[in-house]
Amino acid sequence: MSDLAVYGLKDKVAIVTGGSAGIGKGIALEMAKAGASVVVAARNSERVETSVNEIKAMGNRALKVVADVTKREEVDSLIQQTLQEFNTIDILVNNVGGILGVKGGRPFLEASEDFWDGILDVNLKSTFLCSKAFVKLAIDQKKKGCIVNMSSLSDRAPYVSVAGYGVAKAGITNLTATMAVELGKYNIRVNAVAPARIETSLSTGLYRDMPEIRQAQLKSIPLGRFGTPEDVGRVVVFLASEAAGYISGATIVISGGLTHLF
Ligand SMILES: NC(=O)c1ccc[n+]([C@@H]2O[C@H](COP(=O)([O-])OP(=O)(O)OC[C@H]3O[C@@H](n4cnc5c(N)ncnc54)[C@H](OP(=O)(O)O)[C@@H]3O)[C@@H](O)[C@H]2O)c1
């Protein structure tokens with residue numbers, strides 16, 4: 001392998017959950033640029049198809065899988081469809097998560113039990129289910145593997161906008177470190193990224209009708225700009241590559257210099 005090839009993903013097969021929009025799409029496209037074949041999994045068939053077509057247009061192989069990754073049977077089917085197409089899986093990016101389309105915030109006192117369950121399912125349970133299925137396969141195939149989880153800067157301090165979101169992301173950061181310790185002996189690396197202030201439908205949707213909040217957020221970012229899905233995608237490519245071969249259990253903050261949200 002040449003010196004620079006260690007930063008690439010040539011001949012690797014990667015699943016990106018939620019790779020049809022926002023940060024996940026940025027990750028899927030950056031992984032394809034780095035040479036990977038990419039499986040894009042999300043619920044809305046049309047958006048998954050668009051993402052897959054963009055990757056194919058770059059000359060890479062890509063697979064469309066319509067799945068809700070909070071459901072175990074659909075996760076199992078995602079793994080099976082990937083195996084049918086590629087025979088193997090090298091990288092899993094657990095990007096799915098978010099705030100269930102909330103606009104303007106949903107603090108603790110306003111959150112229902114269903115809302116709480118939904119936030120934990122989409123962020124934390126999806127990560128657990130996909131990781132379990134991927135790890136089982138990697139151990140069966142006696143292959144090294146790599147997982148990148150999607151945490152958030154909201155993992156480390158009280159997060160008051162959306163009840164349960166910070167809790168779920170703290171869980172993902174902890175699960176990342178726990179899995180790294182347990183799975184090292186199988187040559188499986190597990191890391192996470194913790195973005196903040198990345199412009200997607202999630203972040204702009206939360207404060208859509210509150211331009212003053214957006215302006216205050218912008219002022220708080222040391223680098224003076226919002227982040228892009230590509231900013232996150234490039235870090236995920238690095239973590240998934242051989243260049244990061246001795247990194248496991250880490251959570252890398254991608255926030256333009258912001259160190260806490262509140
Ligand atoms: N934006 C930020 O500033 C920011 C900051 C920190 C962390 N994050 C994290 O980054 C991740 C992506 O956020 P984003 O801003 O890119 O969100 P987004 O624009 O809302 O995109 C979410 C993606 O996940 C898919 N998805 C959602 N629920 C799903 C499910 N149950 N099963 C399968 N796919 C599902 C969506 O497609 P379908 O709806 O078609 O399924 C879409 O592709 C999340 O984990 C979020 O918490 C974002």
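It should be emphasised that the depicted structure is a prediction, and the values quoted were computed from it without experimental measurement. Just follow the structure's listing: the first ligand is 1, and inside any ligand the first atom is 1.
Qualifying ring-ring contact (aromatic ring centres under 6.0 Å, His included) partners for Phe134, counting only residues two or more places apart in sequence or in other chains: none.
No side-chain N or O of Thr127 forms a donor-acceptor pair with one of Asn94 less than 3.5 Å apart. A donor-acceptor contact under 3.5 angstrom links the side chains of Asn149 and Thr176, judged on distance only.
Closer than 4.0 angstrom to ligand 1 by heavy atom are Gly18, Ser20, Ala21, Gly22, Ile23, Ala42, Arg43, Asn44, Arg47, Ala67, Asp68, Val69, Thr70, Asn95, Val96, Gly97, Gly98, Val122, Asn123, Met150, Ser151, Ser152, Tyr165, Lys169, Pro195, Arg197, Ile198, Thr200, Ser201, Leu202, Ser203, sorted by chain and number.
Membership of an apolar cluster is not assigned to Val66, as no side-chain contact below 4.5 Å to another ILVMFWY residue is traced.
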Please report, to 0.1 Å, the donor-acceptor pairs under 3.5 Å made by any side chain of residues 220-228, with sequence neighbours excluded.
residue, atom, partner, partner atom, Å
Ser220, OG, Gln217, O, 2.6
Arg225, NH1, Asp231, OD2, 2.9
Arg225, NH2, Asp231, OD1, 3.4
Arg225, NH2, Asp231, OD2, 3.4
Thr228, OG1, Glu230, N, 3.4
Thr228, OG1, Glu230, OE1, 3.3
Thr228, OG1, Asp231, N, 3.1
Thr228, OG1, Asp231, OD2, 3.1

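Considering all non-hydrogen atoms of both residues, Ala192 and Ser151 come closest at CB-CB, 4.4 Å.
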